[in-house]
Amino acid sequence: MKTIKRKYLQDVIDVMGTPDIKVITGVRRSGKSELLNMFIDYINENDINANIIYIDYNLDKFDELKQYKELIKYVSEKYNQDKNNFILIDEVQMCNDFEKAINNFHAEKKYDIYITGSNAFLLSSDLATLFTGRTYSIEVYPFSYQEFLEYHNLENNRGIFDRYVLEGGFSGSYLYKGMDKKYNYIKDVYKTMIVRDIVERNKIQNIPLLDSINDFLIDNISRLTSYRSLTDSLNANKVDTNDKTVGTYIKYLCEAFAFYRIRRYDIQGKKYLATQDKYYLSDHAVKYAIQGTKNMNYGSMYENIVAIELLRRGYEVYVGVLHEKEIDFVAMKRNEKIYIQVSDNIGNDFENDTFKREVIPLLQIKDAYPKMIIARTGHDDYQYEGVQIIDIANWLIKKN
């Protein structure tokens with residue numbers, strides 16, 4: 001399988017030698033294992049005094065290390081006091097009581113530790129409980145549009161972007177010819193995630209209810225959703241449930257990186273709002289793989305793509321609220337803030353209703369932070385009363 005050098009490799013390199021337990025997370029098949037392999041190559045090329053202790057629990061030869069004491073024994077035997085010792089473990093959750101082994105290695109203060117694993121077993125909310133040492137998380141996402149271009153050795157143009165919208169960022173699907181086969185791959189990845197990372201770990205009995213909630217969220221990408229509205233919708237369709245159960249199942253879906261929850265933010269009051277949130281798929285092509293490409297809503301898909309790209313670039317992302325009007329995204333990073341509207345097609349006429357609907361909420365924001373409309377314009381960037389108008393494909397390949 002073809003590989004490309006992704007930005008995450010530099011993220012890992014930047015924390016080499018720190019005492020932290022480096023935890024690589026992200027949705028299934030996003031490239032976590034390949035990242036470990038690229039990092040091994042980097043170590044071999046740049047540290048002639050390295051001793052790499054690598055365990056991949058996907059391989060049968062490591063089956064005997066699935067008890068934590070055996071793992072500790074194996075690593076101890078591989079340790080070389082005259083070298084820089086690296087521990088890299090893929091799918092660490094397949095070792096029973098793996099946290100005991102990792103804490104032991106960390107306490108010995110003689111290893112540089114890197115682990116990947118099933119997202120349901122390495123939740124960011126649980127890391128402080130699992131590990132006694134400090135952890136540093138690196139979240140890996142499916143391929144961005146820029147990575148899609150690099151992988152296929154393509155140049156940005158309208159047709160190529162439309163292809164990315166359909167194919168998405170699960171690079172494993174690129175090996176298959178024909179959209180049916182590509183979608184079958186994506187569907188299998190997604191269904192495996194549902195079963196292994198959610199159903200099995202959380203011992204869910206009511207799988208049809210989980211499927212119904214999952215389908216609802218996929219149907220309502222980019223729309224404000226509350227536990228109550230979802231419960232009411234399910235009850236109306238004769239699916240018996242309640243707010244608490246719905247909230248729990250949504251939490252499981254987000255923990256497995258099936259969806260990302262985006263909260264609302266009151267721009268004027270500078271506070272976070274409760275009850276209604278938006279949910280975006282970790283990769284937009286999942287919607288097509290699960291539900292088909294009929295009745296395609298490009299606006300919501302573009303919004304999903306922008307949401308994940310903002311997260312990929314390290315922003316905190318919120319849905320903005322101002323005077324009962326909605327700003328699709330308020331993206332924050334340290335002292336930086338950007339207000340963003342996303343649209344399918346805003347047309348070429350400043351007086352048309354679509355353009356007005358997108359630009360008026362931005363013009364009502366009185367602070368000096370950048371404001372932009374990201375749409376499928378097909379043109380170079382331009383401005384309207386200080387608001388940047390940017391073609392979505394061009395924005396996606398801009399450097400962060």
Side-chain angles (χ1 to χ4, degrees), residues 7 139 141 144-146 220-226 254 259-280 284 298-400:
K7 79 176 189 69
E139 188 166 344
Y141 294 85
S144 66
Y145 179 50
Q146 179 66 62
N220 288 276
I221 289 300
S222 84
R223 296 176 185 170
L224 286 172
T225 300
S226 68
C254 292
F259 295 89
Y260 285 85
R261 171 193 176 207
I262 304 298
R263 298 170 60 195
R264 290 192 304 155
Y265 177 77
D266 183 340
I267 294 172
Q268 187 174 37
K270 297 182 179 179
K271 62 182 180 181
Y272 306 113
L273 303 173
T275 69
Q276 289 185 311
D277 304 300
K278 288 189 177 183
Y279 295 89
Y280 296 95
H284 57 280
Y298 285 105
S300 66
M301 286 299 95
Y302 291 170
E303 196 171 316
N304 201 119
I305 291 170
V306 171
I308 299 304
E309 182 63 23
L310 288 168
L311 293 170
R312 188 183 284 117
R313 295 180 183 185
Y315 288 97
E316 294 179 36
V317 184
Y318 302 93
V319 177
V321 178
L322 180 68
H323 307 310
E324 297 185 354
K325 292 192 178 294
E326 181 180 297
I327 310 296
D328 288 332
F329 301 118
V330 181
M332 305 181 194
K333 183 163 54 175
R334 293 182 287 278
N335 295 323
E336 184 181 359
K337 185 186 292 184
I338 310 171
Y339 300 105
I340 299 172
Q341 294 281 61
V342 182
S343 180
D344 173 8
N345 186 346
I346 56 174
N348 298 313
D349 180 5
F350 291 153
E351 296 303 316
N352 75 71
D353 291 340
T354 301
F355 183 82
K356 287 181 179 179
R357 183 180 68 247
E358 301 296 347
V359 78
I360 287 174
L362 293 173
L363 295 176
Q364 291 178 342
I365 302 172
K366 300 307 179 184
D367 64 38
Y369 289 108
K371 304 163 183 66
M372 65 178 67
I373 297 174
I374 298 174
R376 196 72 178 103
T377 69
H379 303 298
D380 292 336
D381 301 352
Y382 60 99
Q383 289 198 2
Y384 175 83
E385 295 188 16
V387 176
Q388 295 174 277
I389 317 296
I390 302 177
D391 179 76
I392 183 170
N394 294 339
W395 179 78
L396 287 169
I397 62 174
K398 285 180 180 288
K399 289 188 176 180
N400 185 15

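Sequential numbering from 1 along the given sequence is applied to the chain's residues.
- Counting only heavy atoms from C-beta outward, the side chains of Q146 and R312 never approach each other to under 4.5 Å.
- Atoms CD and CG, from Q268 and D367 in turn, are 11.5 Å apart once rounded to the nearest 0.5 Å.
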Quiz item: Yes or no on side-chain contact (heavy atoms from CB on, under 4.5 Å) for V306 and W395, after CA distance, side-chain angles and deciding distance?
Solution: CA-CA 9 Å; V306 171; W395 179 78; 3.9 Å; yes
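- Taking CG of L273 as the start and CG of D266 as the end, the distance is 5.0 Å to the nearest 0.5 Å.
- Using a distance-only test at 3.5 Å, with no hydrogens or angles considered, no donor-acceptor pair links the side chain of K337 to the main chain of M332.
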Practice problem: Kindly indicate, with the supporting measurements, whether the criterion side-chain hydrogen bond (donor to acceptor under 3.5 Å, both in side chains) is fulfilled by Y145 and E309. | Solution: CA-CA 9 Å; Y145 179 50; E309 182 63 23; over 6 Å; no
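- In K325, the NZ atom is not crowded: 12 or fewer heavy atoms of neighbouring residues, nucleotides or ligands sit closer than 6.0 Å.
- With no hydrogens or angles considered, a side-chain donor-acceptor pair links Y280 and E303 at under 3.5 Å.
- Counting heavy atoms from C-beta on, the side chains of D391 and R376 come closer than 4.5 Å.
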Practice problem: Might you work through the side-chain contact (heavy atoms from CB on, under 4.5 Å) test for K278 and D328, ending with a clear yes or no? | Solution: CA-CA 10 Å; K278 288 189 177 183; D328 288 332; 4.1 Å; yes
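- Contact between Y369 and N335 at its shortest, heavy atoms only, is CE2-O, 3.8 Å.
- Nearest approach of P361 to Q341, heavy atoms of both residues: CG-NE2, 3.9 Å.
- For CD of Q383, the number of neighbouring non-hydrogen atoms (other residues, nucleotides, ligands) closer than 6.0 Å is greater than 12.
- When each of Y315, Y141, Y279 is tested with Y260 by the rule ring pair (Phe, Tyr, Trp, His ring centres under 6.0 Å), just one qualifies, namely Y141.
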Practice problem: Report the C-alpha separation of I267 and Y339 in whole Å, then their side-chain angles, then the decisive distance to 0.1 Å, and conclude whether the side-chain contact (heavy atoms from CB on, under 4.5 Å) test is met. | Solution: CA-CA 10 Å; I267 294 172; Y339 300 105; 3.9 Å; yes
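- Closest non-hydrogen pair, T354 versus I346, comes out as CG2-CA, 4.0 Å.
- Taking both residues in full, the closest heavy atoms of Y384 and V359 are given as CD2-CG2, 3.8 Å, listed atom of the first, atom of the second, then distance.
- In this structure, Y265 and I327 have side chains that are not in contact, with every pair of non-hydrogen atoms separated by 4.5 Å or more.
- Between the CZ atom in R223 and the CD atom in Q276 there is a gap of 13.5 Å [rounded to 0.5 Å].
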Practice problem: Check the pair V319 / R263 against side-chain contact (heavy atoms from CB on, under 4.5 Å), numbers first and verdict last. | Solution: CA-CA 6 Å; V319 177; R263 298 170 60 195; over 6 Å; no
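- Every residue meeting the salt bridge (charged side-chain N to carboxylate O under 4.0 Å, His left out) condition with D381, not counting sequence neighbours, appears here in chain and number order: K398.
- If you take CD1 on I392 and OH on Y298, they are separated by 12.5 Å, rounding to the nearest 0.5 Å.
- Among all heavy-atom pairs drawn from K371 and I365, the shortest one is CE-O, 3.4 Å.
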Quiz item: What's the verdict on salt bridge (Lys or Arg N to Asp or Glu O under 4.0 Å) for D277 and R264, showing C-alpha distance, side-chain angles and the deciding distance?
Solution: CA-CA 6 Å; D277 304 300; R264 290 192 304 155; over 6 Å; no
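- When side chains are defined from C-beta on, H284 does not count as touching I308, because their heavy atoms never get closer than 4.5 Å.
- Atom CD1 of I262 and atom CG of N304 lie 9.5 Å apart (nearest 0.5 Å).
- The distance from the OG atom of S144 to the CZ atom of R313 is 8.5 Å, given to the nearest 0.5 Å.
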